[in-house]
Amino acid sequence: LKSVSNRQIPVAEGVSRINVDILQQGVFLERLFLTVEEGGASAAAIEKQRTRIAELSRDIEREFAAAGQLLAAGQEGDMGRHAHAAIDLLSRDLAGIDREYQAFAGLVEKILKERDTGNVHVFDEWRDRVSGQQDTVALAIASLRRHAEELTHEAVANADRDEWALLMTN
């Protein structure tokens, strides 16, 4: 239960924030291109959208780092074999999410570079790829959440069983 409350739940919450930030990045990216396509966008408005995308990227990187630190600290703790196995599973899930996010971030960067060269229609061409990569990230996040939920239920069941055994012993 200690691992659940100190590691798994905070990591799942951090991943939820990552998910929201990635969705926001997609929205800001789309707004950026819609603003440009519609014309009349000031350089300041365009730069504001780009700045927000970059800020979200930094926020996401911080969340990944914090979640990774939590899980790494859990491996160093004096917990049972089950808790270490759970942390290993969540660490693999987190690494998978990070890989998929990096692919998404790479697409965003390519699109922004194309936009800088004057190719304002690139977003329409790549919209499905961006959306598909967001979906892939969301699936990886759902996998981590599912594993965290399963591990939480298992930890609670183990604690109930241990409590029952202690009551019966007394």
Within this structure, what is the CG-CD distance for the pair Asp135 and Glu100, rounded to the nearest 0.5 Å? 11.5 Å
Nearest heavy-atom contact between Gln49 and Phe28 is OE1-CD2, 2.9 Å
Shortest non-hydrogen pair, Ala67 vs Val11, comes out as O-CG2, 3.9 Å
Between Ser143 (side chain only) and Leu139 (backbone N and O only), is there a donor and an acceptor less than 3.5 Å apart? no
Between CG of Leu56 and CG of Leu29, what distance do you get to the nearest 0.5 Å? 11.5 Å
Side chains of Asp21 and Gln25 only: does a donor on one sit below 3.5 Å from an acceptor on the other? no
Approximate separation, where rounding is to 0.5 Å, of Phe64 CZ and Gln69 CD: 14.0 Å
Leu144 and Ala12: which non-hydrogen atoms are nearest, and at how many Å? CD2-CA, 4.2 Å
Answer yes or no: is there a side-chain heavy-atom contact under 4.5 Å between Lys110 and Trp126? yes
Show every salt bridge (charged side-chain N to carboxylate O under 4.0 Å, His left out) that has at least one partner inside residues 59-69, sequence neighbours left out. Arg17-Glu63, Asp59-Arg62
CZ (Arg50) and NZ (Lys48) are apart, to the nearest 0.5 Å, by 16.0 Å
Do Arg145 and Asn19 touch side chain to side chain, with heavy atoms closer than 4.5 Å? yes
Which heavy atom in Leu70 sits nearest to a heavy atom in Pro10, and how many Å separate them? CD1-CB, 3.5 Å
Smallest heavy-atom separation, Gly26 atom then Gln134 atom, equals CA-NE2, 3.6 Å
Would you find more than 12 non-hydrogen atoms of other residues, nucleotides or ligands less than 6.0 Å from Glu149 atom CD? no
Atom CZ of Arg52 and atom CZ of Arg31: how far apart are they, to the nearest 0.5 Å? 10.0 Å
Value for OH (Tyr101) from CD1 (Ile141), rounded to nearest 0.5 Å, stands at 11.0 Å
